[in-house]
Amino acid sequence: MDAVNIYKEIEQHVTELFKMHQSPRLLFHNLHHTQYVVGKANEIAGHYQLSEQEILILNMAAWFHDTGYLFAPPEEHEEKSVEIMKLFARENQLPFDIVNEVTGCIIATRSPRNPTGILQEIICDADTYNFGSKDFKHTN
């Protein structure tokens with residue numbers, strides 16, 4: 001699968017998950033938040049010289065990082081998000097090294113945060129970007 005198609009597949013897959021499993025209890029960790037994190041991850045990444053593979057890893061992590069909330073209790077959502085991402089990766093025959101890096105990025109969003117490496121730092125900053133914004137009162 002070429003790069004453009006995998007990005008579309010990721011976005012469509014995660015969007016469908018959120019639409020099919022909507023829950024009124026997900027006031028914050030919903031599709032809007034996920035799209036916001038993807039946007040902020042790409043904005044932050046634009047300040048670095050990342051490879052195409054690193055950008056793919058970051059985007060996959062941003063799209064999948066909260067999908068676990070749809071199927072698991074909040075305290076288990078990162079592990080469930082990884083499980084959902086791995087199923088998608090297997091179905092799309094993505095390489096192990098990419099899956100492994102995406103896993104690390106998703107797990108890095110767990111509190112307390114302890115990211116290692118630039119990709120984990122970017123996803124953590126993107127996930128909490130709203131904390132330092134004018135929209136914090138609305139998104140809190």
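With rounding to the nearest 0.5 angstrom, the CD1 atom of Ile98 is 11.5 Å from the OG1 atom of Thr103. Taken from CD in Glu121 to SG in Cys105, the straight-line distance is 10.5 Å, to the nearest 0.5 Å. Distance CG/Asp125 to CD1/Ile44: 5.0 Å, rounded to 0.5 Å. The CG atom of Leu56 sits 4.5 Å away from the OH atom of Tyr7 when rounded to the nearest 0.5 Å. Once rounded to the nearest 0.5 Å, the distance linking CZ of Arg113 with CG of Asp127 reads 4.5 Å. For the atom pair Ile122 CD1 and Leu50 CG, the distance stands at 5.0 Å (nearest 0.5 Å).
Summarising the geometry of Ala62 relative to Ile123, their closest heavy-atom pair is CA-CD1, 3.4 Å, with the distance given to 0.1 Å. In this structure, Ala108 and Cys124 approach most closely via the heavy-atom pair O-SG, 3.1 Å. Minimum heavy-atom separation, Phe18 to Leu31: CD2-N, 3.6 Å. Val99 and Leu94 get closest at one heavy-atom pair: CG2-O, 4.1 Å. For the residue pair Ser51 and Glu54, the shortest heavy atom distance occurs at N-OE1, 2.7 Å.
Under the ring-ring contact (aromatic ring centres under 6.0 Å, His included) criterion, the residue pairs touching residues 80-114 are His13-Phe88, Phe64-Phe88, with sequence neighbours excluded.
Judged by distance alone, the side chain of Gln120 and the main-chain N or O of Thr116 form a donor-acceptor pair under 3.5 Å.
Looking only at side-chain heavy atoms (C-beta outward), Val82 and Glu78 stay at 4.5 Å or farther from each other.
Put simply, Phe71 and Met85 are part of the same group of oily side chains (I, L, V, M, F, W, Y) that touch within less than 4.5 Å, one to the next. At a threshold of 4.5 Å between side-chain heavy atoms, the hydrophobic network of Ile, Leu, Val, Met, Phe, Trp and Tyr places Tyr48 and Val37 in one connected group. Two different hydrophobic clusters hold Leu87 and Ile106 under the rule that ILVMFWY side chains link at heavy-atom gaps under 4.5 Å.
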Item to check | Intermediate values then yes/no, side chain to side chain contact (heavy atoms under 4.5 Å, CB included), Glu101 and Met60 | outcome: CA-CA 10 Å; Glu101 290 288 329; Met60 270 187 80; over 6 Å; no
Checklist entry - Given the rule in the side chain to side chain contact (heavy atoms under 4.5 Å, CB included) test, do Ile84 and Leu70 qualify, once you have shown the distances and angles that lead to the verdict? => result CA-CA 10 Å; Ile84 294 164; Leu70 299 169; 5.9 Å; no
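Remark: Asp97 engages Gln53, Pro95 in a side-chain contact (heavy atoms from CB on, under 4.5 Å) (not counting sequence neighbours).
No side-chain N or O of Glu11 forms a donor-acceptor pair with one of Thr15 less than 3.5 Å apart.
Counted within 6.0 Å of CD on Glu91, heavy atoms from surrounding residues, nucleotides or ligands total more than 12; the atom is thus considered enclosed.
Salt bridge Glu43/Lys40: present, at least one basic N to carboxylate O contact under 4.0 Å. Salt bridge annotation for Glu83-Lys80: present, with a cationic side-chain nitrogen under 4.0 angstrom from a carboxylate oxygen.
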